[in-house]
*Asks:* 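Can you keep this structure in mind? I'll have questions shortly.
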Protein chains: 2
Amino acid sequence: MADGSTNDMITQRSSKLEQAIRVDLAEGRLAVDRRLPPERELAERYRTTRITLREALSHLEMDGLIYRENRRGWFVSDRRLVYNPLWRTDFQRMTREQNRQASTELIEAVSAVAPDDICALLEQPSGTEFWRIRRRRRVDDRLVVFVEHHLSKTVFADILEQDLTGSLTNLYREKYALEYGDVSFEINPIALTGMPAAELHCSNGTFGLQIVRVNRDQAGRILDCDAEYWRHDAVSIRIDTRDGTP
Amino acid sequence: MADGSTNDMITQRSSKLEQAIRVDLAEGRLAVDRRLPPERELAERYRTTRITLREALSHLEMDGLIYRENRRGWFVSDRRLVYNPLWRTDFQRMTREQNRQASTELIEAVSAVAPDDICALLEQPSGTEFWRIRRRRRVDDRLVVFVEHHLSKTVFADILEQDLTGSLTNLYREKYALEYGDVSFEINPIALTGMPAAELHCSNGTFGLQIVRVNRDQAGRILDCDAEYWRHDAVSIRIDTRDGTP
DNA sequence: TCACGCATCTGGTCTATACCAATGAGGTGA
DNA sequence: TCACCTCATTGGTATAGACCAGATGCGTGA
């Protein structure tokens, strides 16, 4: 109350170990080439046990300072990518504008019956078949997002013949003369499991952001739906109504 | 691959303990009045140690099935509140429309120098004083969000004399004849610490969603800025460009 | 040259136990 | 009646040690 201010007092609840690691991280003493030493080594360095150490690392992970790759190790997080789900500018361009480098990998592109919830979103009866495109993207070489698209098989009859590692937005415009219109989306903080977790090389249960979006063309017809699964520390959502929705 | 499908196989990575708790939760065997038994009792019931049990509970917490109140215990999460940060309908109305019941508590309403980042957002020089209003809200009696507002002292000269447990939106319109115009906001997944964590009764480092918003009137003048800190499992963000921004 | 297999490294899960610290209920005394 | 104090309860943090399982790199053999 006197000088330490109520706020600071409340803030100082995290363990000493966690604070120590924070300082070492901030001053660059901990990570070699953004990679932290093995847990056993860290535990020894901080004179504690792996359990306790992992507890502290988990906190820093939730705080977005570090992240882990499943059974591979811990790494220092880079700054967040600023992302506006209303803009359908392609990923490459978006990252370039933030002086970062992106890449996309195609995981699969097949015809498949969509789950009921996806069919409902796309306003089609349960059991409808769609093109299902699964991809994952890196920013500055780090895997940050897994994306699953569902597209109408009739509207995009020959899409599997196209290059699917690039921008679908551009494909829509250039090959199908379709422009985006309205969008709706939903953002949920969730635990990453199953395929998203596996493809992003993160441990099961790692925290993430799910963004499910339904895109329409200018006539209001539903074009596709995509579910994105982001590593939570890699993204910051920003929306400004003054920007409009190009 | 045959019938178990690749997806399921990848999904089954979580521990058996975690699965057991999931089942018991789903079938209502675990919680009495939404409150889980003490950790020690649970550890005994599942024939494991508290460490292991807490690991599993943390996973379920990240998945949004349960949450904890600091040193108070574990509780079963209710369904998420659907929230559109572009709509400035008041909280009471929003919750009522979802058949839920909301309440707001005023924590403080004072004049204070805003931090530099807030001053920048409000396009005022560092060190500017604003009204600082801190509140927290409950949905169905559960604390779900802590909100910190910063308002211009000149535009809202006598706002401290108003009832600050209600809707600021309504106050703006009724007492100051101000209508909202453009909005910009930023959503960040972060760890809750300090005052937000304390006021929400959650342990330091609990996962949350931060939503920082800058509101303007119809002339484009900045009205105020508010930073919301949500319990991550209590909210789902939804935006639809067809709704417009009333 | 390249595919395969094995050894090793690393995180993931688990047992057993102890003490610290905030909460909250109940009792005490003004 | 009500403020205060005490203490049992409950989570929060920590130690010490073990084995499991995926990821990786290296070396072998075709």
Side-chain angles (χ1 to χ4, degrees), chain A residues 6 9-21 31-62 66-75 143 191-194 197-207, chain B residues 6 9-21 31-32 35-62 66-75 143 191-193 197-206:
Chain A
T6 315
M9 290 174 66
I10 297 175
T11 307
Q12 244 138 54
R13 274 211 218 152
S14 49
S15 70
K16 285 179 191 172
L17 171 61
E18 190 184 326
Q19 285 301 338
I21 299 179
V32 176
D33 204 22
R34 308 196 73 77
R35 180 181 192 136
L36 270 67
E39 292 179 358
R40 285 164 237 262
E41 203 176 310
L42 285 174
E44 201 175 348
R45 185 189 308 196
Y46 291 101
R47 296 166 186 286
T48 183
T49 59
R50 264 185 76 211
I51 293 280
T52 305
L53 177 86
R54 279 170 62 83
E55 180 81 18
L57 292 179
S58 294
H59 280 180
L60 299 176
E61 181 188 31
M62 284 195 276
I66 58 176
Y67 65 95
R68 59 182 128 174
E69 294 199 7
N70 197 24
R71 288 175 196 280
R72 237 167 283 196
W74 294 87
F75 303 83
L143 285 168
L192 299 176
T193 52
E199 292 296 336
L200 291 177
H201 293 170
C202 60
S203 320
N204 202 272
T206 298
F207 215 92
Chain B
T6 315
M9 291 172 63
I10 297 176
T11 306
Q12 243 137 55
R13 274 210 217 153
S14 49
S15 70
K16 285 179 190 173
L17 171 61
E18 189 184 328
Q19 285 300 338
I21 299 179
V32 175
R35 181 184 189 133
L36 271 67
E39 293 180 358
R40 284 164 237 262
E41 202 177 311
L42 285 173
E44 201 175 347
R45 184 188 309 196
Y46 291 102
R47 296 165 188 287
T48 182
T49 59
R50 267 184 73 211
I51 293 281
T52 305
L53 176 85
R54 277 170 62 82
E55 180 82 18
L57 291 178
S58 295
H59 280 179
L60 299 176
E61 181 188 31
M62 283 196 276
I66 59 176
Y67 66 94
R68 60 182 128 175
E69 294 199 8
N70 197 23
R71 288 176 193 279
R72 236 166 285 195
W74 294 87
F75 303 83
L143 285 169
L192 298 176
T193 52
E199 293 295 336
L200 291 176
H201 293 172
C202 60
S203 320
N204 202 273
T206 298

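Quick caveat: nothing in here was measured; it's all calculated off a predicted structure. Sequence lines set the chain letters: A, B, ... in the order given, protein chains first and strands last, and positions in each chain run from 1.
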*Asks:* In whole Å, I'd like the distance from the CD atom of B:Gln19 to the P atom of C:dT13.
*Replies:*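 Value for this atom pair: 12 Å.
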*Asks:* Looking at C:dT15, D:dT10, C:dG24, which one has an atom nearest to any side-chain atom of B:Pro38?
*Replies:*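 From the listed options, D:dT10 comes nearest.
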*Asks:* Taking the side chain of A:Thr52 as heavy atoms from C-beta outward, which of D:dT15, C:dG12, D:dG12 is closest to it?
*Replies:*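 The nucleotide sitting nearest to the side chain is D:dT15.
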*Asks:* At their closest point, which heavy atom of B:Ala191 faces which heavy atom of B:Gly205, and how far apart are they?
*Replies:* CB-O, 3.9 Å
*Asks:* Applying ring pair (Phe, Tyr, Trp, His ring centres under 6.0 Å), name anything that partners B:Phe75, two or more places apart in sequence or on another chain.
*Replies:* B:Tyr67
*Asks:* What contact category does B:Arg47 fall into here, base, sugar-phosphate, or nothing, at under 4.0 angstrom with non-hydrogen atoms?
*Replies:* sugar-phosphate
*Asks:* I need the NE2-P distance between A:His201 and C:dG12, as an integer number of Å.
*Replies:* 14 Å
*Asks:* Taking atom C1' of D:dG17 as reference, at what distance in whole Å does atom CG of A:Leu53 sit?
*Replies:*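 Spelled out: CG on A:Leu53 to C1' on D:dG17 is 16 Å.
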*Asks:* In whole angstroms, how far is the P atom of D:dT13 from the CD atom of A:Glu18?
*Replies:* 8 Å
*Asks:* From D:dG11, D:dT15, C:dG12, pick the nucleotide closest to the side chain of B:Glu39?
*Replies:*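 Shortest atom-to-atom distance from the side chain points to D:dG11.
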*Asks:* Taking only residues two or more places apart in sequence, or in another chain, which ones meet B:Arg72 in a salt bridge (charged side-chain N to carboxylate O under 4.0 Å, His left out)?
*Replies:* B:Glu69
*Asks:* Distance check needed: C:dA21 C1' versus B:Arg68 CZ, whole Å only.
*Replies:* 15 Å
*Asks:* In whole angstroms, how far is the P atom of C:dG11 from the CD atom of A:Glu61?
*Replies:*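 Whole-Å distance recorded here is 13 Å.
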*Asks:* State, with a plain yes or no, whether a side-chain heavy atom of A:Glu61 is found less than 4.5 Å away from one of A:Trp74.
*Replies:* yes
*Asks:* Please tell me if B:Arg54 has a side-chain N or O lying less than 4.0 Å from either OP1 or OP2 of D:dG12.
*Replies:* yes
*Asks:* Are the side chains of B:Ser58 and B:Arg68 in contact, using a 4.5 Å heavy-atom criterion?
*Replies:* yes
*Asks:* For residues B:Asn70 and B:Thr206, determine if any side-chain heavy atom of one lies less than 4.5 Å from a side-chain heavy atom of the other.
*Replies:* no
*Asks:* Side chains of B:Leu57 and B:Leu36, heavy atoms from C-beta outward: is any pair under 4.5 Å?
*Replies:*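 In short, these two side chains touch, coming nearer than 4.5 Å.
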*Asks:* Considering only C:dC14, D:dA14, C:dT23, which nucleotide approaches the side chain of B:Thr48 most closely?
*Replies:*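 My answer, after comparing the listed nucleotides, is C:dC14.
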*Asks:* Starting at the 5' end of DNA chain C and moving along, which residue's nearest nucleotide shows up first, B:Glu55 or B:Ile51?
*Replies:* B:Glu55
*Asks:* Can you tell me which nucleotide in D:dG12, C:dG12, C:dT15 comes closest to the side chain of A:Ser203?
*Replies:*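 Of the candidates, C:dG12 comes closest.
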*Asks:* D:dT10 P sits how many Å from B:Leu36 CG, rounded?
*Replies:*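 It works out to 13 Å between those atoms.
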*Asks:* Return the angle between end axes of the helix from C:dT1-D:dA30 to C:dA30-D:dT1, with five pairs used per end and rounding to 10°.
*Replies:* 20°
*Asks:* Think A:Arg72 has a side-chain N or O under 4.0 angstrom from the OP1 or OP2 of D:dG22?
*Replies:*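 Answer no for this pair, as no side-chain N or O of A:Arg72 is under 4.0 Å from OP1 or OP2.
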*Asks:* Quickly work out the B:Leu57 CG to D:dT13 P distance and round it to whole Å.
*Replies:* 15 Å
*Asks:* Nearest to the side chain of A:Asn70, heavy atoms from C-beta on, is which of C:dG12, C:dT23, D:dT13?
*Replies:* C:dG12
*Asks:* For A:Gly194 versus A:Asn204, what's the shortest heavy-atom pair and its separation?
*Replies:* N-ND2, 3.7 Å
*Asks:* Pairs under 3.5 angstrom, nitrogen or oxygen only, protein versus nucleotides 18-21 of chain D, please.
*Replies:*
residue, atom, partner, partner atom, Å
D:dA21, N3, A:Arg71, NH1, 3.0

*Asks:* Going by the rule side-chain contact (heavy atoms from CB on, under 4.5 Å), which residues pair with A:Arg34 if we only count those two or more places apart in sequence or in a different chain?
*Replies:*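 So A:Arg34 forms a side-chain contact (heavy atoms from CB on, under 4.5 Å) with A:Val76, A:Asp78.
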*Asks:* Show me, pair by pair, the donor-acceptor contacts under 3.5 angstrom made by side chains of residues 41-50 of chain A, not counting sequence neighbours?
*Replies:*
residue, atom, partner, partner atom, Å
A:Tyr46, OH, A:Asp24, OD2, 2.6
A:Thr49, OG1, A:Thr52, N, 3.4
A:Thr49, OG1, A:Thr52, OG1, 3.0
A:Arg50, NE, A:Glu39, OE1, 3.1
A:Arg50, NH2, A:Glu39, OE1, 3.0

